[in-house]
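When a ligand or atom number is given, it counts from 1 through the structure's own listing order. Any value given below was found using the heavy atoms of this structure, including those in side chains, with hydrogens, waters and symmetry copies removed. Residues: numbered from 1 along the sequence shown.
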Amino acid sequence: MLEKIKQTADFIKNTIKEVPDFAIVLGSGLGKLQDEVEAIHILEYPEIPNFPQTTVAGHGGKLIYGILEGKKVLMMSGRFHYYEGHSMETVTFPIRVFHLLGIKNLILSNACGGVNPAYSVADIVILKDHINMMPEHPLRGKNIESFGPRFVDMSEPYNRKMIEAAEKAAAENNIKIHRGVYVALQGPTFETPAEYGMIKAIGGDMVGMSTVPEVIVARHMGMDVFCISVITDLGGPDIAFAVSHEEVLNAANKAMPNVIAVVKGLIGNYQ
Ligand code: HPA
């Protein structure tokens, strides 16, 4: 696996020839952020050696290298989910590659279900923490010491400075923003009312099917991580609204201008 990661990183390095300041992973329905980048290179996943391929509607499948708010960014449009049948190694493969490219800052985004009663559909939430309830840990197995230690500190999974920079950007743009705890489940079913109740009871504000494996692997390698979520539906023990993928995409679409403003503000101001 290490050889494959190196091979992929070398291929991308030879194309972009620079070290991006940020890697950005676009979540379900959040692909529009890619239109904000002044693209210099676009690499379709099938042309990148060893790169996994996407299977979900609403996910693209390309790496875009370019400039956003004066910073060099490598944007990943189309991520890999555990529920698709990918191994955790595959899900987190791009994050390993980003590290070998020398990227220090990782911005993730996702669509998720809200269980905090203060949240509404299309609200945006910045992750302050998470609870990992995925059935497999991405660091299980032999540790690769060159990436990081066997036992990884997780006291600051989401970088405080990046959270503050994003909140400043939100305030400047009059965007309401929450700080929340994300609970990761494997999916692909949305939660039952009782499961939404459990998420709330254990201290979660929202629930989704991605992000946490990437965060863990990034922290293993000492990358600074930031994540912005869009609440695409609401759930709870006494709420029995039906949720569909289409609804998720619609809500993500509605929140998109706010997501773009916050991410651009964060990137533009961040040193
Ligand atoms: N649960 C899990 N994943 C999700 C949800 C949800 O309610 N909404 C969007 N992704």
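- Classified by interplanar angle (parallel below 30°, tilted 30° to 60°, perpendicular above 60°), the ring pair F147/H220 is tilted.
- Using a 4.5 Å cut-off on side-chain heavy atoms (C-beta onward), V207 and E191 make contact.
- For G235, the heavy-atom gap to ligand 1 stays at 4.0 angstrom or more.
- Of all atoms in ligand 1, listed by their number and element, those nearer than 4.0 Å to a heavy atom of Y196 are 6 (C), 7 (O).
- Taking the six-membered ring where the residue is Trp, Y45 and F51 present tilted rings, their angle falling between 30° and 60°.
- Annotation: atom 8 (N) of ligand 1 to nearest protein heavy atom, D233 OD1, 2.7 Å.
- Less than 4.0 angstrom separates some heavy atom of M209 from each of these atoms of ligand 1: 2 (C), 3 (N).
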Atom pairs and distances, donor-acceptor, side-chain atoms in residues 112-128, under 3.5 Å, two or more places apart:
residue : atom : partner : partner atom : Å
N116    : OD1  : A118    : N            : 2.8
N116    : ND2  : D205    : OD1          : 2.9
D123    : OD1  : K176    : NZ           : 3.4
D123    : OD2  : S120    : N            : 3.0
D123    : OD2  : K176    : NZ           : 3.3
D123    : OD2  : H178    : NE2          : 2.8

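- With 3.5 Å as the limit, one finds no donor-acceptor pair spanning the side chains of H86 and R79.
- Scanning all protein heavy atoms for the shortest distance to atom 10 (N) of ligand 1 gives A111 O, 3.3 Å.
- With hydrogens left out, the protein atom closest to atom 5 (C) of ligand 1 is G113 N, 3.3 Å, a heavy atom.
- What sits closest to atom 2 (C) of ligand 1 on the protein, heavy atoms only, is E191 OE1, 3.3 Å.
- Taking the side chain as every heavy atom from C-beta outward, M154 and R219 approach each other to under 4.5 Å.
- Looking only at protein heavy atoms, the nearest one to atom 9 (C) of ligand 1 is T232 OG1, 3.3 Å.
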